[in-house]
There are 2 protein chains.
Amino acid sequence: MLKKQNHRMTRQRKVILEELKKVKTHPGADEIYAMVRKRIPRISLGTVYRNLVVLSELKEIQTIEHVGTLKRFDGTPENHYHIRCVKCGRLDDAPMEIETYLEKKVRRYTDYAVVGHRLEFIGHCSECAKGCL
Amino acid sequence: MLKKQNHRMTRQRKVILEELKKVKTHPGADEIYAMVRKRIPRISLGTVYRNLVVLSELKEIQTIEHVGTLKRFDGTPENHYHIRCVKCGRLDDAPMEIETYLEKKVRRYTDYAVVGHRLEFIGHCSECAKGCL
DNA sequence: GTACCTGCAAAGCTTTTGCAACTGG
DNA sequence: CCAGTTGCAAAAGCTTTGCAGGTAC
């Protein structure tokens, strides 16, 4: 049922991957577009996007801040963790206390002035888990 | 320099807040729009967005998946944590090992089938911290 | 040769904004 | 009264997609 995909290593794909491996920060698609354009001036933004998807599927790269990019709103203003269903996108509160020591731990090794953290669990909600049986 | 804001509790604002407090999950703006429209049919989406911003500022609600909603890409496919600068949006790897026990901990209290987690620290990068002096 | 890719441009979505009319305090 | 709000519609991002021509293998 899954169509087999024979991915080709085109020049565009290769350069995108190289540029992405080269930098330490995590550029957005537009920044990648700018970097790659220095080497392939006529590449299109669409090509960049399509290749980022393919490279993610191939596990060559990682897409951060995935799935739904739309914002969600929470009626309870206190900080707390969330748990998200990969299948249906549902978002619930995670039944767990805030782990403040995580910030202490990272502070020892970074030069950022850490002011907070966000933790999100990923899984299948009880509804969607049924379908996985 | 900061202009004083005298926020009014309009009917729209009130209903949006009520509806948001009412639900357990975390709806997106479009869902909130749908919920509120049942009570105020002629409310506009723009009003919903503007009020969500105001309510966030007033700390009445919380905006999840904040700041940059644009995706970012990472050349290293292994899972690791990130640290984000609130000021400039820069994203770096957090120098810290994966805390696998976090998942074990939350599994005890949730009916989700947990498959992973994402942790992101928030702070000021060394560049932006300079400006805070 | 042909399935996979590319560039280009148009379309899609979510979110923001300009504006004139309206309203809470 | 009048700064803050609203509805409407247009604009503004970022991302996806249709298409016809190109290319890796």
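Throughout, protein chains are lettered first and strands after them, A, B, ... in sequence-line order, and every chain is numbered starting at 1. What's counted below: heavy atoms across the whole structure, side chains too, no hydrogens, waters or symmetry copies.
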Among A/Ile43, A/Val36, A/Asn51, side-chain contact (heavy atoms from CB on, under 4.5 Å) partner for A/Val15: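 Looking at A/Ile43, A/Val36, A/Asn51, the match for A/Val15 under the side-chain contact (heavy atoms from CB on, under 4.5 Å) is A/Val36.
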
Rounded interatomic separation in angstrom, taking [atom1] from [X] and [atom2] from [N]:
X: B/Tyr33; N: C/dC13; atom1: OH; atom2: P; result: 16 Å
X: B/Arg11; N: D/dG7; atom1: CZ; atom2: P; result: 10 Å
X: B/Gln12; N: D/dG4; atom1: CD; atom2: P; result: 17 Å
X: B/Asn6; N: D/dA3; atom1: CG; atom2: P; result: 11 Å
X: B/Leu52; N: D/dT5; atom1: CG; atom2: C1'; result: 15 Å
X: B/Asp30; N: C/dG12; atom1: CG; atom2: P; result: 18 Å
X: A/Lys14; N: C/dT6; atom1: NZ; atom2: C1'; result: 17 Å

For A/Arg13, report the nucleic acid contact type (base, sugar-phosphate, nothing); a contact means any heavy atom under 4.0 Å.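 Touches sugar-phosphate only.
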
Following the transitive rule for hydrophobic clusters with a side-chain heavy-atom cut-off under 4.5 Å over Ile, Leu, Val, Met, Phe, Trp and Tyr, establish whether [X] and [Y] coincide in one cluster.
X: B/Leu58; Y: B/Ile16; value: no
X: B/Leu45; Y: B/Ile61; value: yes
X: B/Leu52; Y: B/Met35; value: yes

Is the backbone N or O of A/Leu119 less than 3.5 Å from a side-chain atom of B/Arg118, with the two atoms forming a donor-acceptor pair by type?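 Here the side-chain-to-backbone pair does not exist.
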
Is a side-chain N or O of A/Glu31 found less than 3.5 angstrom from the main chain of A/Gly28, in a donor-acceptor match?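 Yes, the answer is positive, given that a donor and an acceptor are paired below the 3.5 Å cut-off.
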
Presence of donor-acceptor pair under 3.5 Å, side chain of A/Arg50 and base of C/dG7: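 Yes.
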
Answer with yes or no whether A/Arg8 presents, from its side chain, a donor or acceptor under 3.5 Å of a partner atom in the base of D/dT23.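 When only heavy-atom distances are counted, A/Arg8 does reach the base of D/dT23 through a donor-acceptor pair under 3.5 Å.
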
Using a 4.0 Å cut-off on heavy atoms, which residues in residues 38-47 of chain B reach DNA chain D? List them by number, or say none.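 Nucleic-acid contacts, sorted: B/Arg42, B/Ile43, B/Ser44, B/Thr47.
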
Among D/dC8, D/dC25, C/dT6, the nucleotide that comes nearest once only the side chain of A/Met9 is considered: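 Side chain of A/Met9 sits closest to D/dC25.
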
Between B/Asn51 and A/Thr10, name the one whose nearest nucleotide on DNA chain D is closer to the 5' end.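 Of the two residues, B/Asn51 wins.
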
Which word best sums up how the rings of A/Phe121 and A/Tyr81 line up, parallel for under 30°, tilted for 30 to 60°, or perpendicular for over 60°?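 The rings of A/Phe121 and A/Tyr81 stand perpendicular, inter-plane angle above 60°.
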
Distance check: side-chain N/O of A/His7 vs OP1/OP2 of C/dA3, anything under 4.0 Å?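 For A/His7, the contact criterion (side-chain N or O under 4.0 Å from OP1 or OP2 of C/dA3) is not met.
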
